[in-house]
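Inspection log for the structure reproduced underneath, given as structure tokens.
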Amino acid sequence: MKLSVIGTGYVGLVTGTCLANTGNHVICVDIDESKIEKLRRGELTIYEPELKEILKENNARGRLEFTTDIDSAVKRSDIIFICVGTPSGTDGSADLNAVLAAAASIGKSMERYKIIVDKSTVPVGTALKVMEEVRKHTKIEFDVVSNPEFLKEGYAVEDFMKPDRVVIGADSERAAKIMKDLYAPFIRTGSPVIMMNVKSAELTKYAANSLLATKITFMNEIANLCEKVGADVNDVRLGIGSDKRIGPQFLFPGVGYGGSCFPKDVRALIHTARESGSPMKVLEAVEQTNERQKTIIIDKVLQHFGGSVKGLKIVLWGLAFKPRTDDMREAPSIDISKKLTALGAEVTGYDPKAIKTAKKEMGKIIMLIDDQYEALRGADALILVTEWNEFREPDFELMKELMRQRVIFDGRNIWSPEKMRSLGFDYYCLGRPQNNRK
Ligand code: NAD
């Protein structure tokens, strides 16, 4: 089949490449010329494991095209995926400008029947708006389908190739059948394609992300309570995670959720719920609690240093919002850096893959060093913000030599309090007995 993917970011590029990998011809469109130029040369514009290889392979086989010419892409395609960003507007609602701009372009260019697929995360009712926008420009028949994407950055290729499920919201049988056929190669091991109406599919994506954000936040609060009452969150986590109704995932406490999806999707669902006269109180609390959680580690820092960090060198390991990505959108490291800088600390950051994106986001407020140990030279404290694997077994002896004060704040509980104490560090973590020398 001939497909177009509009928007070549984290979702669009993975979607386009994986769909090309099953033999389709995919035209990837973006308004960002420099992105398209790079992709044409076979250079990746994001860090995503496994993507480079299949992008190269499908480029070489001529199944992938990269262009800024949306008109020609639409004319030559049977199915058009909209994968543009839907950031938060000032009132928390999802900003649909890019989605509707893409819809208008499609409407202007189409000459025969098309399936238009909303893959961007969009609020209930958006397919209808897309339909109206397209209809302004054409009388030709088309269908709008909702096909939310559930891939995780860092595992995006694997998730797309072997999804837990594919959700397709289609109000037309013709479009439903074509979409099912398109996804058939990806669900051969038995994962379901869950068919539903368009509105249910649109809501499913928000419900999934909001439930995950709620689980994270609940566990963060349990960790905070553990500290007050002398319990160990690791044990509590294992104790509840073994219950099949709860499951072991998303139970690790941390410095709050961030990223390109959870924060904005929680805000958008809260907005939709309020607008619909059915406010979601639990979710409203999740959002507030998460904001607080992002800087809870700073309370520990201040407490250790007697209330002031002025002039201290504080190093952050891990800046991306999670491991295995270079995505810095709404990363907790940004909040932590801003707050520490405002308190007079000198902040230095290191990340295995996100130095470039971090430079854009906060290059003006913190020093970025491309070596995890060099960053530590002369440090008064280390805060572990993002749990990249390479941080799990570092050279602690070298760290001790390099740091001016041996103080570690572990925002992801990756090290053991006993071990850290025996190595001679003051070690603070989340929801576990702290074992400090102080
Ligand atoms: P992104 O910002 O990485 O990519 C969006 C791309 O769209 C950019 O390259 C931008 O230049 C391009 N674009 C904007 N307007 C355009 C237009 N009119 N025509 C052509 N291109 C245009 O965003 P993303 O992370 O890929 O997210 C895209 C959507 O997918 C969002 O709605 C997001 O919520 C959803 N989503 C994201 C993830 C994720 O992990 N990133 C997962 C599931 C769903």
Side-chain angles (χ1 to χ4, degrees), residues 4-18 27-39 44-49 51 66-74 80-89 93-109 116-123 126-127 130 133 146-160 163-164 166-167 201-202 204-206 208-210 212-213 257-269 320-331 357 360-361:
S4 277
V5 172
I6 303 179
T8 58
Y10 289 85
V11 166
L13 190 57
V14 172
T15 300
T17 308
C18 292
I27 310 166
C28 296
V29 185
D30 207 291
I31 44 171
D32 184 335
E33 281 180 22
S34 67
K35 230 178 222 190
I36 291 299
E37 270 312 309
K38 275 191 179 163
L39 290 166
L44 270 197
T45 44
I46 52 171
Y47 171 73
E48 184 57 50
L51 186 56
F66 295 99
T67 182
T68 52
D69 183 356
I70 191 165
D71 177 62
S72 144
V74 168
I80 301 149
F81 286 82
I82 299 180
C83 298
V84 298
T86 47
S88 281
S93 65
D95 179 343
L96 294 178
N97 279 326
V99 171
L100 296 177
S105 304
I106 297 169
K108 283 177 196 159
S109 301
I116 300 164
V117 184
D118 284 341
K119 193 169 253 318
S120 295
T121 303
V122 289
T126 301
V130 167
E133 192 60 44
S146 167
N147 169 220
E149 182 49 58
F150 297 95
L151 63 78
K152 305 182 288 297
E153 287 176 20
Y155 297 88
V157 172
E158 195 183 322
D159 286 346
F160 197 96
D164 290 344
V166 174
V167 169
E202 289 173 332
T204 297
K205 174 66 191 177
Y206 283 102
N209 274 1
S210 297
L212 292 169
Y257 63 77
S260 48
C261 292
F262 288 176
K264 79 170 176 62
D265 291 350
V266 165
R267 285 194 289 266
L269 186 55
F321 84 92
K322 66 174 184 177
R324 293 170 66 94
T325 182
D326 60 350
D327 198 339
M328 284 291 301
R329 288 176 282 185
E330 298 206 40
T357 39
K360 277 191 215 148
E361 287 280 347

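Start at 1 with the first residue, then count along the sequence. Both counts, for ligands and for their atoms, begin at 1 and track the order of listing.
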Would you check whether [X] has a nitrogen or oxygen atom less than 3.5 angstrom from a nitrogen or oxygen atom of ligand 1?
X: Lys264; answer: yes
X: Asp265; answer: no
X: Thr86; answer: yes
X: Lys152; answer: no

Contacting atoms of ligand 1, where contact means under 4.0 angstrom from a heavy atom of [X]:
X: Lys35; result: 8 (C), 9 (O)
X: Gly85; result: 5 (C)
X: Glu149; result: 43 (C), 44 (C)
X: Leu151; result: 40 (O), 42 (C)
X: Cys261; result: 36 (N), 37 (C), 38 (C), 39 (C), 40 (O), 42 (C)
X: Ala98; result: 15 (N)

task: Can you see which heavy atom on Cys83 is nearest to which on Lys119, and at what distance?
output: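 Here Cys83 and Lys119 meet closest at SG-CB, 3.9 Å.
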Closest non-hydrogen atom pair between Cys28 and Ile36, with its separation: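 So the minimum-distance heavy-atom pair works out to O-CD1, 4.0 Å.
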Minimum-distance protein heavy atom relative to [atom]:
atom: atom 4 (O) of ligand 1; answer: Gly9 CA, 3.2 Å
atom: atom 7 (O) of ligand 1; answer: Gly7 CA, 3.4 Å
atom: atom 20 (C) of ligand 1; answer: Ile6 CG2, 3.4 Å
atom: atom 13 (N) of ligand 1; answer: Val84 CG1, 3.7 Å
atom: atom 10 (C) of ligand 1; answer: Asp30 OD1, 3.5 Å
atom: atom 39 (C) of ligand 1; answer: Glu153 OE2, 3.4 Å
atom: atom 35 (C) of ligand 1; answer: Thr121 OG1, 3.4 Å
atom: atom 30 (O) of ligand 1; answer: Val11 CG2, 3.5 Å

[atom1]-[atom2] distance between [X] and [Y], expressed to the nearest 0.5 angstrom:
X: Glu149; Y: Thr121; atom1: CD; atom2: OG1; answer: 8.5 Å
X: Thr68; Y: Glu37; atom1: OG1; atom2: CD; answer: 8.5 Å
X: Arg267; Y: Tyr206; atom1: CZ; atom2: OH; answer: 11.0 Å
X: Ile116; Y: Asn147; atom1: CD1; atom2: CG; answer: 14.0 Å

[X] vs [Y] side-chain heavy atoms within contact, under 4.5 Å:
X: Tyr10; Y: Thr325; value: yes
X: Ile82; Y: Ile106; value: yes
X: Leu51; Y: Leu13; value: yes

- request: Just do the side-chain contact (heavy atoms from CB on, under 4.5 Å) check on Ile27 and Val5 with the steps written out, would you?
  value: CA-CA 6 Å; Ile27 310 166; Val5 172; over 6 Å; no
message: Residue-level breakdown please: for Ser120 versus ligand 1, do any non-hydrogen atoms fall below 4.0 Å on the side chain, on the backbone, on both, or on neither?
response: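 Ser120 to ligand 1: contacts from backbone and side chain alike.
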- request: May I ask you to identify, for Lys322, whether its side chain, its backbone, both or neither come under 4.0 Å of ligand 1 on a heavy-atom basis?
  value: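 Lys322 to ligand 1: no contact under 4.0 Å from either part.
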query: Between Glu153 and Ser260, does any side-chain donor sit less than 3.5 Å from a side-chain acceptor?
result: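 Result is yes, a qualifying pair exists.
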